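Predicted model, so just to flag it, every value in this text is computed and none were measured. As a basis for the values below, the full set of heavy atoms in this structure was taken, side chains included, without hydrogen atoms, waters or symmetry mates.
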Amino acid sequence: MAAAPVRQRSGPGGPRAQLPPCYYEGYLEKRGPKEKASRRLWTCLCGNSLYFFNNAKDTHYVEKLDLTGFVSLKDDCSRDRNLEAARLILRMKDGETKLTAPNLESRELWKGFLYSVIDLNVPSCLTLLPGQLQMLKEVVDKERSRRRSRNPSRAPPSPLSVPLVGEIPPCFRPVSRTEAEVLLERHPDCGNMLLRPGRDGCSLAVTTRQDLNGSVFRHYRVTQRDQGGYVIDVENPIPCATLHEVIDALVEKTAGTLQPFLLEEPYEENITYVSANDENGERILHTAPSSPLPKAPALPPKQDRWCTSPLSRSPAPDRRILTSSVPASPTNPMRRLILSPSPLAQTLNEELKMKLEKRRASQD
């Protein structure tokens, strides 16, 4: 029997009516951290917990799994005797729980509902249809409303409710104590020290995680002094001028064992937009084309302001005799070539000499 839409099965006042609202249900094979064999149980996602029943008609659950200690959820690619079955590994703070869905589609849906309830956000990494994504969005809205109505007087911690002085370190996260522990355990490669608001809303706290046969968490209060600055409230208080010095002091005191938690948030790789279908009015998520935009036509080259016409004549070449800078060496062949007179020049020279001699003779 595959997973089914949500519906309450017991009348008013029954045990199931006392549970949080059920968002999704169906048969799953479950094997807990201390169990040697799997059991096929009817599973209901009610609020932020999984309730397990022996069958779909039972009104009393046999097990409950609170998802507040969630660490990770990943596919299990090991083969099952049922070739169509699809496995999941649900890792919690107290161990791993292995779940088996009837098929791949059912597994994707379970992952979608679990992520939506845990993160209060519709996951974008799953292969789901538009109608299924709309179901997850409705679940997120219902779960947010349920949590607000359950704790109306307790607002989530916010950095604005704490009078911070100076620049805020990048390892600051507006999360609660439990959420800080989950973040540090879920992303151990991003650091093991996180700055967050305190429970009273008037102080800060540093949450650290280290591994010693399991996760070891420590929480340190950081208060603001009246004369300015901060102090780490330990047995020997450590005064610090800024929040950056608070983090640096803890790194220095532990010889670099504690490192600030720096989580890089994922960004979208493609541009998406939602539009309505003209025929049926259904809204669909589209991906914008990734091809580059067409380039604007290139402008013609700018003409030189000194050019009056493309057909203007080039300046007349200089008709002056160019002199060659030939070294004045008698052994240079180019020198001898330039100085040697031509036969015509020799004839003219001889005629001039003869005329000069005749003129001198007549004068005498």
Side-chain angles (χ1 to χ4, degrees), residues 1-76 80 82 85-103 105-123 126 128 132 135-151 178-179 182 186:
M1 186 175 181
V6 179
R7 56 185 182 275
Q8 294 290 351
R9 297 178 178 272
S10 60
R16 282 206 184 186
Q18 301 173 6
L19 298 179
C22 183
Y23 302 132
Y24 198 59
E25 58 184 358
Y27 274 112
L28 289 177
E29 292 186 12
K30 171 190 172 294
R31 189 176 73 179
K34 300 180 181 179
E35 296 175 341
K36 296 182 179 180
S38 299
R39 291 185 298 164
R40 186 170 181 266
L41 300 172
W42 183 260
T43 309
C44 297
L45 176 60
C46 301
N48 60 339
S49 299
L50 287 174
Y51 293 86
F52 299 95
F53 301 82
N54 286 323
N55 55 65
K57 296 182 179 181
D58 278 358
T59 57
H60 295 82
Y61 63 88
V62 293
E63 288 186 37
K64 174 187 174 182
L65 181 60
D66 192 351
L67 298 175
T68 55
F70 173 82
V71 175
S72 65
L73 180 65
K74 62 181 181 179
D75 296 341
D76 184 1
D80 190 84
N82 181 6
R87 294 183 173 183
L88 274 173
I89 297 179
L90 177 61
R91 185 182 177 192
M92 309 296 291
K93 293 173 61 175
D94 54 355
E96 291 183 352
T97 298
K98 295 186 177 181
L99 303 173
T100 304
N103 48 56
E105 181 183 0
S106 176
R107 182 176 69 178
E108 285 294 292
L109 277 173
W110 274 109
K111 288 164 58 178
F113 279 96
L114 289 172
Y115 278 128
S116 298
V117 169
I118 294 169
D119 297 333
L120 292 180
N121 194 15
V122 178
L126 303 179
L128 298 173
Q132 296 170 337
M135 291 171 55
L136 297 184
K137 184 179 181 303
E138 294 175 359
V139 167
V140 171
D141 295 338
K142 291 179 181 178
E143 179 63 12
R144 285 177 177 172
S145 301
R146 186 187 73 87
R147 295 186 188 184
R148 283 195 299 265
S149 61
R150 187 181 59 178
N151 298 316
T178 303
E179 291 170 339
V182 172
R186 191 183 300 180

Report yes if some heavy atom in the side chain of [X] is under 4.5 Å from a heavy atom in the side chain of [Y]; otherwise report no.
X	Y	answer
Pro123	Leu136	yes
Leu73	Ile89	no
Tyr27	Ser106	no
Cys44	Phe53	yes
Pro21	Arg146	yes
Asn48	Asp66	yes
Trp42	Asp58	no
Leu99	Trp110	no

As an exercise, state the distance from [atom1] of [X] to [atom2] of [Y], rounded to the nearest 0.5 Å.
X	Y	atom1	atom2	value
Lys142	Ser116	NZ	OG	12.5 Å
Asp76	Leu88	CG	CG	8.5 Å
Asp94	Lys34	CG	NZ	8.5 Å
Lys64	Leu50	NZ	CG	10.5 Å
Lys36	Arg31	NZ	CZ	11.5 Å

Using every non-hydrogen atom in the two residues, find where [X] and [Y] come nearest and quote the distance to one decimal.
X	Y	answer
Thr100	Ala85	CG2-CB, 3.7 Å
Thr68	Val182	O-CG2, 3.7 Å
Pro33	Thr97	CD-OG1, 4.0 Å
Lys57	Asn55	N-OD1, 2.9 Å
Glu143	Leu120	CG-CD2, 3.5 Å
Leu67	Met92	CA-CE, 3.7 Å

Hey, does the side chain of [X] reach the backbone of [Y] with a donor-acceptor pair shorter than 3.5 angstrom?
X	Y	result
Arg186	Ser72	no
Arg40	Glu29	no
Asp119	Asn121	no

Open item on the list: Angle between ring planes, Tyr24 versus Phe113, binned at 30° and 60°: parallel, tilted or perpendicular?
Closed with: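 Judged by the thresholds at 30° and 60°, the geometry between Tyr24 and Phe113 is parallel.
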- [ ] Determine, for Glu35 against Lys30, whether the closest basic-nitrogen to carboxylate-oxygen distance falls under 4.0 angstrom.
- [x]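 Salt bridge flag = yes for Lys30 with Glu35.
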Task: Whether over 12 other heavy atoms sit under 6.0 Å from Glu105 CD - done: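 No, CD of Glu105 has 12 or fewer neighbouring heavy atoms, counting only those of other groups under 6.0 Å.
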Open item on the list: Other residues, nucleotides and ligands only: do more than 12 of their heavy atoms fall within 6.0 Å of NZ on Lys93?
Closed with: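 Result for NZ/Lys93: enclosed.
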TODO: Tell me, with the steps shown, if Leu65 and Leu90 meet side-chain contact (heavy atoms from CB on, under 4.5 Å).
DONE: CA-CA 11 Å; Leu65 181 60; Leu90 177 61; 3.5 Å; yes
